[in-house]
**Q** 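Take a look at the following structure, please.
Note on naming: letters A, B, ... go to the chains in the order of the sequence lines (proteins, then strands), and numbering restarts at 1 for each one.
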Number of protein chains: 2
Amino acid sequence: MVTFIVTPLDMSKPTPNPLLQLENQLCFPLYAASRLFTKAYQPLLQELELTYPQYLVLLLLWEHGELTVKELGERLLLDSGTLTPLLKRLEQRALVSRRRDPRDERSVVIGLLPAGQALQEKALCIPAALQTRLQLSPEEFEALRAQLKQLVAQLS
Amino acid sequence: MVTFIVTPLDMSKPTPNPLLQLENQLCFPLYAASRLFTKAYQPLLQELELTYPQYLVLLLLWEHGELTVKELGERLLLDSGTLTPLLKRLEQRALVSRRRDPRDERSVVIGLLPAGQALQEKALCIPAALQTRLQLSPEEFEALRAQLKQLVAQLS
DNA sequence: GTGAATCAAATTGCCCGCAATTAAATTTGA
DNA sequence: TCAAATTTAATTGCGGGCAATTTGATTCAC
């Protein structure tokens, strides 16, 4: 004698397809890690009164000096729809300058003003603070960085 | 007679500190990869008329059936400030239902409506399409996923 | 040299993401 | 029991991101 136990179809739990499970995908950990990272920066950046993308712009300007909006966009993978208002906010706080390139009036050159330059000193401690927070060995850190770089290359 | 040629201090290239270089950090590749990933989903999700975070919400509902706003927030690491308007948009399109839990009127239970349930079928091909796009070996994929999960755990 | 094509930035409009606050329900503990 | 603390969503306000369009400058092709 065999008894079949028939579980009724529960429409509130419809076909949990493993392909579509959050934890089996790359997308969600990436999305979550990126936002958590930004949040980890937040208290440090708050002291400089910078948002995370504003900080990225300043990193590039500290490293390269003047850059056009286009060059900033290429390096950060952001377009002028994002950068223009962001840069105007930095300009209003006298951290950066914005001027048309006289040799090509289409381009806008972004430069550092003294206050923006001065912020670099305050920012020096930030990478180390984050490193501590992450608790990754140098090998793990490097492996992850390399993999992400490869991913970025693959997708861009 | 000696002529000194004094190179003026070039304030446009100020002290490129390696610690502060974009490419030496984890934060930027993570930020860029996350946005590029979302962009890679975009054409696929456009056919479902979903944004990426809306898709994540539906993934959870397809997997778990009904969830409260709080539970969605815990799993996606998003707060009601993000979720409430997003869920209202899905409700307006009759993809999900929103109702107070009668046993605890503070909670709002989100459920799938038929149109939302039906979308799952159209979404089934999405993970495979991305997998193809990424061109990662199963080992690389798994390694990266594990490292990101660890990072998320470390930061949350 | 001139009209067409291209390019760079700005603008518009929409949707996140999140800090901070508010409102309402529930739990708690004296 | 009942006031205080806690919990859950909603709301507000602001700064990204990004697609799509517009404006103006430059380059290209003929």
Side-chain angles (χ1 to χ4, degrees), chain A residues 27-28 31-43 45-46 48-58 67-74 76-93 95-96 98-110 155-156, chain B residues 27-28 31-43 45-46 48-57 67-74 76-93 96 98-110 155-156:
Chain A
C27 64
F28 176 67
Y31 167 78
S34 175
R35 286 186 299 117
L36 287 169
F37 228 93
T38 302
K39 205 175 293 187
Y41 271 92
Q42 214 271 328
L45 292 177
Q46 194 158 32
L48 316 191
E49 293 180 280
L50 291 177
T51 65
Y52 178 68
Q54 288 169 1
Y55 169 70
L56 294 181
V57 166
L58 288 181
L67 290 171
T68 63
V69 172
K70 177 183 159 65
E71 289 167 332
L72 285 170
E74 283 171 353
L76 298 176
L77 307 179
L78 293 171
D79 71 6
S80 69
T82 301
L83 287 173
T84 297
L86 184 157
L87 293 168
K88 282 184 176 174
R89 281 188 283 272
L90 294 180
E91 183 188 34
Q92 282 209 307
R93 293 173 52 197
L95 299 177
V96 308
R98 293 166 69 241
R99 58 178 174 73
R100 292 277 165 184
D101 182 342
R103 288 182 312 252
D104 183 344
E105 291 278 344
R106 289 174 302 181
S107 293
V108 169
V109 180
I110 308 299
L155 289 173
S156 58
Chain B
C27 65
F28 176 67
Y31 166 77
S34 174
R35 286 186 300 114
L36 287 170
F37 228 93
T38 302
K39 205 176 292 188
Y41 271 92
Q42 213 270 329
L45 292 177
Q46 194 158 30
L48 316 192
E49 295 179 280
L50 292 176
T51 65
Y52 179 68
Q54 287 169 1
Y55 170 69
L56 294 180
V57 166
L67 289 170
T68 64
V69 172
K70 176 183 160 62
E71 289 167 331
L72 285 170
E74 283 171 353
L76 297 176
L77 308 178
L78 292 172
D79 70 6
S80 68
T82 300
L83 286 174
T84 297
L86 183 157
L87 293 168
K88 282 183 177 176
R89 281 188 284 272
L90 294 180
E91 183 189 35
Q92 282 208 308
R93 293 173 51 197
V96 308
R98 294 168 67 243
R99 59 180 173 72
R100 292 277 165 184
D101 182 343
R103 287 181 312 252
D104 184 344
E105 290 279 343
R106 289 173 303 181
S107 293
V108 169
V109 179
I110 308 298
L155 289 172
S156 58

**Q** Could you state the atom-to-atom distance from CG of A/Leu50 to C1' of D/dC14 in whole Å?
**A** 16 Å
**Q** For nucleotides 17-20 of chain D, list the nitrogen or oxygen atoms of the protein found under 3.5 Å from its nitrogen or oxygen atoms, one pair per line.
**A**
{"from": "D/dG17", "atom 1": "OP2", "to": "B/Tyr31", "atom 2": "OH", "distance (Å)": "2.4"}
{"from": "D/dC18", "atom 1": "OP2", "to": "B/Arg35", "atom 2": "NH1", "distance (Å)": "2.8"}
{"from": "D/dC18", "atom 1": "N4", "to": "A/Gly81", "atom 2": "O", "distance (Å)": "3.4"}

**Q** Please determine if a side-chain N or O atom of A/Arg89 lies less than 4.0 Å away from the OP1 or OP2 oxygen of D/dG16.
**A** yes
**Q** With a 4.5 Å heavy-atom cut-off, do B/Leu87 and B/Leu72 have their side chains touching?
**A** yes
**Q** Between B/Asp101 and A/Leu83, which residue's closest nucleotide on DNA chain C lies nearer the 5′ terminus?
**A**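 In this pair, the answer is A/Leu83.
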**Q** What's the CZ-P distance between B/Phe28 and D/dG16, to the nearest Å?
**A**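 Checked: the CZ to P distance equals 16 Å.
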**Q** Strictly by Watson-Crick or wobble contacts shorter than 3.5 Å, is anything paired with C/dA30, and which nucleotide is it?
**A** D/dT1
**Q** Give the ring-plane orientation class for A/Tyr31 versus B/Tyr52, where under 30° counts as parallel, over 60° as perpendicular and anything between as tilted.
**A** perpendicular
**Q** Phosphate oxygens OP1/OP2 of D/dA10: is one of them under 4.0 Å from a side-chain N or O of B/Arg98?
**A**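 Checking B/Arg98 against D/dA10: at least one side-chain N or O falls below 4.0 Å of OP1 or OP2.
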**Q** Calculate the interatomic distance between A/Lys88 atom NZ and D/dG16 atom C1'; express it in whole Å.
**A**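 Atom NZ in A/Lys88 sits about 15 Å away from atom C1' in D/dG16.
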**Q** Output the rounded distance in Å from CD (B/Glu105) to C1' (C/dA25).
**A** 8 Å
**Q** Round to a whole Å and report the spacing from CG of B/Asp104 to C1' of D/dT7.
**A** 8 Å
**Q** Nearest 0.5 Å please: distance from the CZ atom of A/Arg98 over to the CD atom of A/Gln92.
**A** 10.0 Å
**Q** Side-chain N or O of B/Arg100 versus OP1/OP2 of C/dT26: is the shortest distance under 4.0 Å?
**A** no
**Q** How long is the line joining CD1 of B/Ile110 and P of D/dT8, in whole Å?
**A**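 Computing the B/Ile110:CD1 to D/dT8:P distance gives 15 Å.
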**Q** Are any non-hydrogen side-chain atoms of A/Thr68 and A/Asp101 less than 4.5 angstrom apart?
**A** no
**Q** Tell me, please, which residues at least two apart from B/Arg89 pass salt bridge (charged side-chain N to carboxylate O under 4.0 Å, His left out).
**A**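 So B/Arg89 forms no salt bridge (charged side-chain N to carboxylate O under 4.0 Å, His left out) with any residue.
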**Q** If you only use heavy atoms from C-beta on, which nucleotide in D/dA9, C/dT26, C/dA8 is closest to the side chain of A/Lys70?
**A** C/dA8
**Q** Hey, does the side chain of B/Arg100 reach the backbone of B/Arg106 with a donor-acceptor pair shorter than 3.5 angstrom?
**A** yes
**Q** To the nearest Å, how far apart are B/Leu72 CG and C/dG17 C1'?
**A** 16 Å
**Q** How many whole angstroms separate atom CG of B/Leu56 from atom C1' of C/dG17?
**A**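 Rounded to the whole Å, the gap is 13 Å.
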**Q** Does any part of the side chain of B/Arg35, heavy atoms only, come nearer than 4.5 Å to the side chain of A/Leu78, both counted from C-beta?
**A**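 A/Leu78 reaches B/Arg35 side chain to side chain.
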